[in-house]
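See below for the structure under consideration.
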Amino acid sequence: MASTDFANEKDVSDPKPFSKTPSDAESVREVQSEKGPHEDEKLVRQLKNRHIAMISIGGVIGTGLFLGTATALRNGGPIGLLLGYMFMGTICYSVMICLGEMIAYLPIPGGHIKLAERFVDPAFSFTLGYNYLYNWIVILPAELSAAAVLINFWRRDNPVNPAVWITITMIVTIVINLMGAGVYGEAEFIFASIKVITITGLIILGIVLDLGGGPNHDRLGFRYWKNPGPFVQYDNIGGAKGQFLGWWAVMTQAAFSFIGTEIVAIAAGEAKNPRRNLPKAIKRVYIRILLFYIGGTAVIGLLVPSNSPGLDIADGTAASSPFVIAIQNAGIKGLPSVINACLLTSAWSAASSDLYTSSRALYGLAAAGNAPKIFLRTSRKGLPYVSIIFCALFATLAYMGVNNGAGRVFGWFANMTAVAGLMTWFGITVTYVRFYAGMKAQGYDRTNLPFASKLQPFAAWYAMFFCLVICFFSGWAVFLKGKWAVDTFVTNYIPFVLFPILYLGAKFYYKQPIVKPHEMDFVTNIAEIEADTYDEPPPRNKLEAFWQWLM
């Protein structure tokens, strides 16, 4: 992927970004007038370039990598884990270049939810919007449960009721979001910086430990690839079949880890200078996938045996983090607590992002006329406080972990989030295929987009197909003999079944045909977007030049 031609950026200060402009100006004005009283301009662009850069990184690094990889390693073994994350990484990258083309050109509030209305139909926008809202409303209590698991690492001998930690994390998350997008951006910048430093340090430390640089001077090499082996025989099923099933079991967990990279689309409506900042964030997604996920999972597979008893997160203790297990096995004292503290900030960061994203998704639904208009209410500073408060109410689902075990509840929510997230990715690729068809039908030159990829439309079809396949087989393990579990079946298949039901119901309600390619609207909001586009001041010294390159 590193050699991919990411396409051409042009000077977006040009008010005519395409070689062709629609001739029927009256029809454009009619489209704009149909937006009614709930205009899209209520959100204020407060997120700076560094905020967007770190939000995109924060969407990649989360508890799915730090904690969820425990289950993936236990199910798939070191090679199954690595191959599973590599495969999911290709799907994630394909989705992001689809999203990048659309959102860099039309960085509007509601992101892909509003774009689906333009390029598919209102029913698809309705379905994608509520699926996405469901996704982030569910993942919020998942992250709060993960925080409870992490904090009890320090209280393993005398654990505190998880409700205490859930409440504290919930309050921090809500306060950050109620202080506005600017404060959220600053908090995410700090949290994401800690996550980047942590995962980078862990990868370096992992290599050192693997080579025998720890206090016990035990050179691991590829020991655990040999014993207990590179793959796990899933459910003791022999041969290649058991190994394949072990690898496939990694898929849902890997999807949970990658879900969130599309947050930049939702943040686009509040991003400063979006035509320049969003393409930079999208272009660097593949670097983050390679460095953090492929590098991280490769190191985990070298350091921790797949049969380690500590990898079971259902026991409710955070010693199950593969990184913490590896450091403890190496005999390093004190550092596991430092790492656990960093992982805790990751859970806080992820929970804050979850509430931000769900509230903006709800705002986007209301802007499209698919939710009550009360959710469009904002403060003078552009804060959609009604949407935030409503979405925050669902955080209380995390208290399910008090009786059922925070680790087990984390697993439930991870399943639901992974499948709902994959269906969101499916919706993004469908929207992009329509976007691509519309551009071609109306004679637009895609190479003049702020961001474009030569892999299209093949990448879109690739991601679309595998998102559906992974969702369809996500709960396959319950069909093995003696493995039936109602909770696993329900949490895996509710989001998958709900998507077509929502679409058919909305289709019946709206009774509007799919938008034809030659009728698609590529013009509305362009004037405002162009007005928000400006040239960044040139760096005054080498330090500023490095910062601009980094961010």
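Atom set for the values below is all heavy atoms of this structure, side chains included, hydrogens, waters and symmetry mates excluded. Heads up: numbering here begins at 1 and tracks the sequence.
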Exercise. For the residue pair Ala361 and Tyr132, what are the closest heavy atoms and their distance?
Worked result: CB-CD2, 3.9 Å
For this session: Under the side-chain hydrogen bond (donor to acceptor under 3.5 Å, both in side chains) rule, collect the residues that match up with Thr297, sequence neighbours excluded.
Result: none
Seminar exercise, completed: Taken to the nearest 0.5 Å, the spacing of Ile190 CD1 from Ile194 CD1 works out to 7.5 Å
For this session: Keeping to residues at least two apart or across chains, list the salt bridge (charged side-chain N to carboxylate O under 4.0 Å, His left out) pairs with something in residues 83-101.
Result: Glu101-Arg446
Seminar exercise, completed: When rounded to the nearest 0.5 Å, the distance separating CE of Met102 from OH of Tyr436 is 14.0 Å
For this session: Sequence neighbours left out, what pairs pass salt bridge (charged side-chain N to carboxylate O under 4.0 Å, His left out) with at least one residue falling in residues 291-302?
Result: none
Problem set entry | pair Val419-Tyr493: side-chain heavy atoms closer than 4.5 Å | no
Exercise. Do any N or O atoms from the side chain of Thr200 and from the backbone of Ile197 form a donor-acceptor pair under 3.5 angstrom?
Worked result: no
Problem set entry | Sequence-distant partners of Ile514, side-chain contact (heavy atoms from CB on, under 4.5 Å), two or more places apart | Asp121, Arg434, Tyr503, Lys507
Exercise. Under the side-chain contact (heavy atoms from CB on, under 4.5 Å) test, which residues partner Asn177, sequence neighbours left out?
Worked result: Thr173, Ser352, Leu355, Tyr356, Ile388
For this session: Could you check if a side-chain atom of Trp248 sits within less than 4.5 angstrom of a side-chain atom of Met251, using non-hydrogen atoms only?
Result: yes
Problem set entry | Min side-chain heavy-atom separation Phe258-Trp425 under 4.5 Å | yes
For this session: Could you list the residues that satisfy side-chain hydrogen bond (donor to acceptor under 3.5 Å, both in side chains) with Asn131, not counting sequence neighbours?
Result: Thr424
Exercise. If you take all heavy atoms of Ala249 and Asn75, which pair is closest and at what distance?
Worked result: CB-CB, 3.8 Å
Problem set entry | Spatial distance of atom CZ (Arg74) from atom OH (Tyr234) [nearest 0.5 Å] | 8.5 Å
Exercise. Quick one: SG on Cys92 to CZ on Phe87, what's the gap to the nearest 0.5 Å?
Worked result: 13.0 Å
Exercise. Would you say the side-chain atoms of Ser125 pair up with the backbone N or O of Lys114, donor to acceptor, closer than 3.5 Å?
Worked result: no
Exercise. Do the side chains of Thr429 and Val433 get nearer than 4.5 Å, heavy atoms only?
Worked result: no
Problem set entry | Check against side-chain contact (heavy atoms from CB on, under 4.5 Å), Leu133 and Cys391 | CA-CA 9 Å; Leu133 178 64; Cys391 293; 4.0 Å; yes
For this session: Measure the shortest side-chain to side-chain distance between Leu502 and Tyr134 over non-hydrogen atoms and say whether it is less than 4.5 angstrom.
Result: no
Exercise. Between Ile428 and Cys98, what is the shortest heavy-atom contact and its length?
Worked result: CG2-CB, 4.4 Å
Problem set entry | Closest non-hydrogen atom pair, Val232 against Ser306 | CG2-OG, 3.6 Å
For this session: Please examine the side chains of Leu140 and Phe394, heavy atoms only from C-beta on, and report whether any two atoms are closer than 4.5 Å.
Result: no
Problem set entry | Closest non-hydrogen atom pair, Ile203 against Gly296 | CD1-N, 3.8 Å
For this session: Please collect all salt bridge (charged side-chain N to carboxylate O under 4.0 Å, His left out) contacts where either partner lies in residues 466-475, sequence neighbours excluded, each pair once.
Result: none
For this session: Identify the heavy atoms of Gly100 and Phe451 that sit nearest to each other, and give their distance.
Result: C-CD2, 3.6 Å
Exercise. So, do Leu115 and Ile103 sit near enough that their side-chain heavy atoms are less than 4.5 Å apart?
Worked result: yes
Exercise. With no hydrogens and no angle check, is any side-chain donor or acceptor of Glu188 less than 3.5 Å from a backbone partner on Ser353?
Worked result: no
Problem set entry | Those residues that, when tested against Phe119, pass ring pair (Phe, Tyr, Trp, His ring centres under 6.0 Å) (two or more places apart) | Phe435, Phe522
What donor-acceptor contacts under 3.5 angstrom involve side-chain atoms of residues 456-480, with partners at least two apart or in another chain?
residue	atom	partner	partner atom	Å
Gln456	OE1	Ala460	N	3.3
Tyr462	OH	Thr90	OG1	2.7
Ser474	OG	Cys471	O	2.9
Ser474	OG	Asn492	OD1	3.4

Problem set entry | Pairwise distance CE(Met423) to CZ(Phe499) - rounded to 0.5 angstrom | 4.5 Å
Seminar exercise, completed: Those residues at least two apart in sequence (or on a different chain) that pass side-chain contact (heavy atoms from CB on, under 4.5 Å) with Ala371 are Tyr130, Leu362, Leu365, Ala366, Phe375
Problem set entry | Rounded distance [0.5 Å steps], OH in Tyr184 versus CZ in Arg360 | 8.5 Å
Problem set entry | Residue pair Leu422 / Phe426, side-chain heavy-atom distance below 4.5 Å | no
For this session: Please list, chain by chain and in numerical order, all residues satisfying side-chain hydrogen bond (donor to acceptor under 3.5 Å, both in side chains) with Trp247, sequence neighbours excluded.
Result: none
Exercise. For Pro230, what residues pass the side-chain contact (heavy atoms from CB on, under 4.5 Å) criterion, not counting sequence neighbours?
Worked result: Ile79
